[in-house]
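Below you'll find the structure, written out as structure tokens, and then a few comments.
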Protein chains: 2
Amino acid sequence: MYLEVRHLYTLRVIRDSGSLARAAERLHLTQSALSHQIKALEEQFNCTLFARKSRPLRFTPAGTRMLELAEQVVPAVQAMERELARLAGGETGRLHIAIECHSCFEWLMPTIDSYRDHWPEVEMDLSTGFSFDPLPALVRGDIDLVITSDPQEIAGIIYEPLFRYEALLTLAKDHPLASHAWIEPPHLATETLITYPVDRSRLDIFRHFLEPAGIEPAGRRTAELTLIILQLVASKRGVAALPNWVLTDYLEQDYVTARPLGKQGLWGTLYAALRTDDRNTPYVRDFIETATETSFRTLAGIQPA
Amino acid sequence: MYLEVRHLYTLRVIRDSGSLARAAERLHLTQSALSHQIKALEEQFNCTLFARKSRPLRFTPAGTRMLELAEQVVPAVQAMERELARLAGGETGRLHIAIECHSCFEWLMPTIDSYRDHWPEVEMDLSTGFSFDPLPALVRGDIDLVITSDPQEIAGIIYEPLFRYEALLTLAKDHPLASHAWIEPPHLATETLITYPVDRSRLDIFRHFLEPAGIEPAGRRTAELTLIILQLVASKRGVAALPNWVLTDYLEQDYVTARPLGKQGLWGTLYAALRTDDRNTPYVRDFIETATETSFRTLAGIQPA
DNA sequence: CATTAACATGAATAATATTCAAGTTTAACA
DNA sequence: TGTTAAACTTGAATATTATTCATGTTAATG
């Protein structure tokens with residue numbers, strides 16, 4: 001065995017996720033595979049790289065040194081890969097993005113920032129899919145990429161999963177439902193549900209939580225901006241299902257509280273939809289990679305798809 | 001497939017050796033393996049890395065860029081590996097070296113220079129084995145490493161091959177034998193052979209060239225220093241068998257000329273002899289690695305062992 | 001127009017990474 | 001103190017990937 005870029009990449013993910021088990025998920029490997037990988041490294045260099053017994057796990061001096069190398073090497077490799085991708089053709093093109101996901105700005109903005117650095121020649125545009133259905137526009141070629149949590153089978157369109165997130169029911173701090181460890185559908189029969197202004201068929205809380213149980217909320221009202229929704233919730237005008245990552249800051253500041261929907265929680269997956277033709281276009285591929293990487297760096301509580 | 005350190009290492013060797021075939025030898029791989037490896041890289045990045053049809057082969061812009069990465073990454077990886085090896089223990093120790101090879105200073109000095117940088121704590125010493133037989137001293141533990149081209153089976157001693165070289169018969173420029181494309185043993189029956197002052201049983205030209213043919217040179221004289229030997233040859237006091245790498249400068253300056261010994265040439269291997277116990281000692285291993293690397297960088301015309 | 005050296009290719013094999021199916025260990029909790 | 005769950009380890013089975021082997025192609029050379 002030899003030290004390879006793969007190992008360095010692994011090491012970074014382990015540090016970022018704080019445990020072998022979680023790192024394995026992100027790397028799309030079993031936890032056993034990672035254990036073997038690290039063990040082989042440790043045997044080759046005849047030293048331990050980190051102490052597993054503490055959470056988050058701690059790197060030894062040797063592990064820290066190797067991580068330092070990783071920090072130098074991995075970005076350099078990625079930079080070269082991007083440059084070659086540009087060289088290989090398709091260095092310029094158009095990337096018009098539409099988002100159906102109303103809370104996506106948080107990771108989309110840093111993603112676009114860092115993407116622009118790598119692909120200055122790509123003409124970018126961003127439209128929010130509030131008023132029109134973006135998928136036909138994607139098929140027609142008016143736009144090139146749609147961020148959505150609701151993949152619909154359409155010929156010529158593929159969905160690349162970005163990450164999984166949990167929808168939490170956001171509640172005022174002293175809301176009665178906060179006494180439950182998790183929310184069941186009947187709990188909502190007497191509540192006003194605040195949502196983004198989209199058709200209920202696009203909302204997971206209806207499709208995968210309330211409708212299967214045959215429950216209707218007492219009322220519904222909509223708001224476009226996440227901040228407004230939160231204000232409404234805080235002032236007890238209703239409750240709202242929001243992605244966990246949107247809430248981390250507000251929960252920490254104790255502005256609102258939140259509970260899982262169902263014992264297992266209500267999980268959704270965010271996808272990038274693109275035309276099959278664009279599947280291997282370098283600058284499109286790299287956008288997706290940049291997006292997942294940025295998300296995992298920026299967002300707390302999300303899971304690999 | 002992914003870009004790995006291995007590929008970057010390969011790329012450097014290809015550049016240094018100017019052809020896939022030679023690079024393969026140095027990497028201890030078949031030429032086919034290398035061809036596959038490069039092909040896979042080129043397919044992954046969808047570009048060619050170098051033009052094969054020219055000798056030495058030329059890197060494309062993409063290849064150059066990747067080589068640039070290699071130049072940054074490989075030394076960084078090696079540096080970390082050495083640091084970890086020191087951390088893992090055995091960071092300090094003794095390395096007393098004896099050389100039997102009289103022309104080895106050329107690569108030994110740069111080797112020791114760069115080695116000292118990496119292992120400042122290791123106490124080094126160098127003795128030339130002119131007067132005593134170093135192998136018993138190695139067994140006893142008086143010295144720790146012997147550079148020799150003449151491995152003798154001794155319990156507790158192993159030989160790590162460094163590189164292969166060709167012994168050439170060095171001749172005055174206008175020497176009659178220079179008219180032959182290569183030298184046969186009978187040609188030497190009328191010549192004075194100039195050698196280093198060691199027993200003839202240690203000299204490859206006797207053991208593997210003259211004795212098998214039952215030929216004796218007309219005379220023999222010795223000199224300790226390579227430069228003196230060359231002066232004697234140039235002034236027609238005799239002929240001498242010397243490693244090819246010693247001669248490159250003098251041949252270029254047209255000071256002397258040289259011919260292969262036999263149609264296939266007379267090839268020898270240089271070894272590092274060490275005690276079996278020291279086989280895995282980090283600072284000893286690294287000396288051997290540094291030595292081969294330095295040799296291939298410094299010396300022209302040598303071959304992987 | 002042979003001949004040689006360098007490189008390419010497809011199939012076979014060897015080496016290596018990963019998973020699978022246990023088994024430990026640790027920490028949390030009743 | 002026992003019980004459970006989560007995180008990690010381990011050895012054997014399997015899958016994947018790298019390398020070799022045998023052979024073909026190409027380009028340069030006499």
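Please read all numbers here as calculations on a predicted model, not as lab measurements. Per chain, numbering begins at 1; letters A, B, ... match sequence-line order.
- Taking the six-membered ring where the residue is Trp, A:His187 and A:His180 present tilted rings, their angle falling between 30° and 60°.
- In summary, the side chains of A:Thr281 and A:Arg279 do not present any donor paired with an acceptor at a separation below 3.5 Å, with no hydrogens or angles considered.
- When DNA chain D is scanned in the 5' to 3' direction for atoms under 4.0 Å from non-hydrogen atoms of chain A, the outermost contacting nucleotides are D:dA7 to D:dA12.
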Anything under 3.5 Å between a donor and an acceptor, one on a side chain of residues 296-305 of chain B, the other on a protein residue two or more places apart or in another chain? List them.
from, atom 1, to, atom 2, distance (Å)
B:Thr298, OG1, B:Thr294, O, 2.5

Practice task
Could you run through nucleotides 11-30 of chain C and give me one letter per nucleotide, 5' to 3': B if any protein heavy atom sits under 4.0 Å from the base, S if only the sugar-phosphate is that close, - if neither?
Solution key: B-----SSBB-----SS---
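- Among the heavy atoms of the strands lying under 4.0 Å from A:Ser19 are primed sugar atoms or P, OP1, OP2 only; no base atom is included.
- Applying the 6.0 Å contact sphere to OH of B:Tyr255 captures more than 12 heavy atoms from other residues, nucleotides or ligands.
- The structure places NE2 of A:His118 at 12.5 Å from CZ of A:Phe287, a figure rounded to the nearest 0.5 Å.
- In B:Tyr9, the OH atom is not crowded: 12 or fewer heavy atoms of neighbouring residues, nucleotides or ligands sit closer than 6.0 Å.
- Backbone-only engagement by A:Leu57 is indicated by non-hydrogen atom pairs under 4.0 Å involving sugar-phosphate atoms exclusively.
- Of the options A:Thr292, A:Leu270, A:Ile288, A:Thr269, a side-chain contact (heavy atoms from CB on, under 4.5 Å) to A:Pro161 is made by A:Thr269 and by none of the others.
- Side-chain polar atoms of A:Glu293 and A:Gln78 form a donor-acceptor pair below 3.5 angstrom.
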